[in-house]
Amino acid sequence: VIVLFPVGSGSAESVAAGAAAGATLVSPTWFENVLLVTDETPGLAGRLEEQGALGVFENLHFAGISFAGCIGASLR
């Protein structure tokens, strides 16, 4: 999933918040406050929001290209 943390959140802060929610980092993005994470345990979106995430979006793929939230569907 793609996680959006508040503007101004640094990479270390965003990664720490994702880890605190039990998510595994898949990839950072060009933006320090946006991460691509995964976790198979139900309730990930809620746990990420408890750690300060503003939004959690499904990562959509088409023809091997990740849209990284550009047209992703919100999980909340």
Side-chain angles (χ1 to χ4, degrees):
V1 297
I2 297 134
V3 187
L4 172 65
F5 288 101
V7 173
S9 298
S11 295
E13 182 181 0
S14 298
V15 170
T24 301
L25 179 66
V26 173
S27 175
T29 67
W30 289 353
F31 304 98
E32 291 187 6
N33 65 319
V34 180
L35 300 175
L36 186 59
V37 301
T38 189
D39 184 50
E40 298 300 320
T41 307
L44 177 60
R47 293 192 314 272
L48 287 164
E49 288 173 347
E50 288 172 0
Q51 295 300 319
L54 299 177
V56 181
F57 305 92
E58 182 177 356
N59 187 18
L60 300 179
H61 297 272
F62 178 74
I65 299 170
S66 169
F67 287 92
C70 294
I71 60 170
S74 174
L75 295 180
R76 292 297 246 169

Working for side chain to side chain contact (heavy atoms under 4.5 Å, CB included), residues V1 and V37: CA-CA 5 Å; V1 297; V37 301; 3.6 Å; yes
Over all atoms of both residues, closest heavy-atom pair of G8 and E13: O-OE1, 4.5 Å
Contact list for residues 25-38, test salt bridge (Lys or Arg N to Asp or Glu O under 4.0 Å), sequence neighbours left out: none
Pairs flagged by salt bridge (Lys or Arg N to Asp or Glu O under 4.0 Å) wherever residues 34-46 is involved - sequence neighbours left out: D39-R47
Side chain proximity check, V3 to V34, heavy atoms < 4.5 angstrom: no
Interatomic distance, S14 atom OG to L48 atom CG [nearest 0.5 angstrom]: 11.0 Å
Distance in Å, T24 OG1 paired with L35 CG, rounded so as to fall on 0.5 Å steps: 12.0 Å
Non-hydrogen side-chain atoms of L4 and N33 separated by less than 4.5 Å: yes
Euclidean distance, T29 OG1 relative to I2 CD1, rounded to 0.5 Å: 9.0 Å
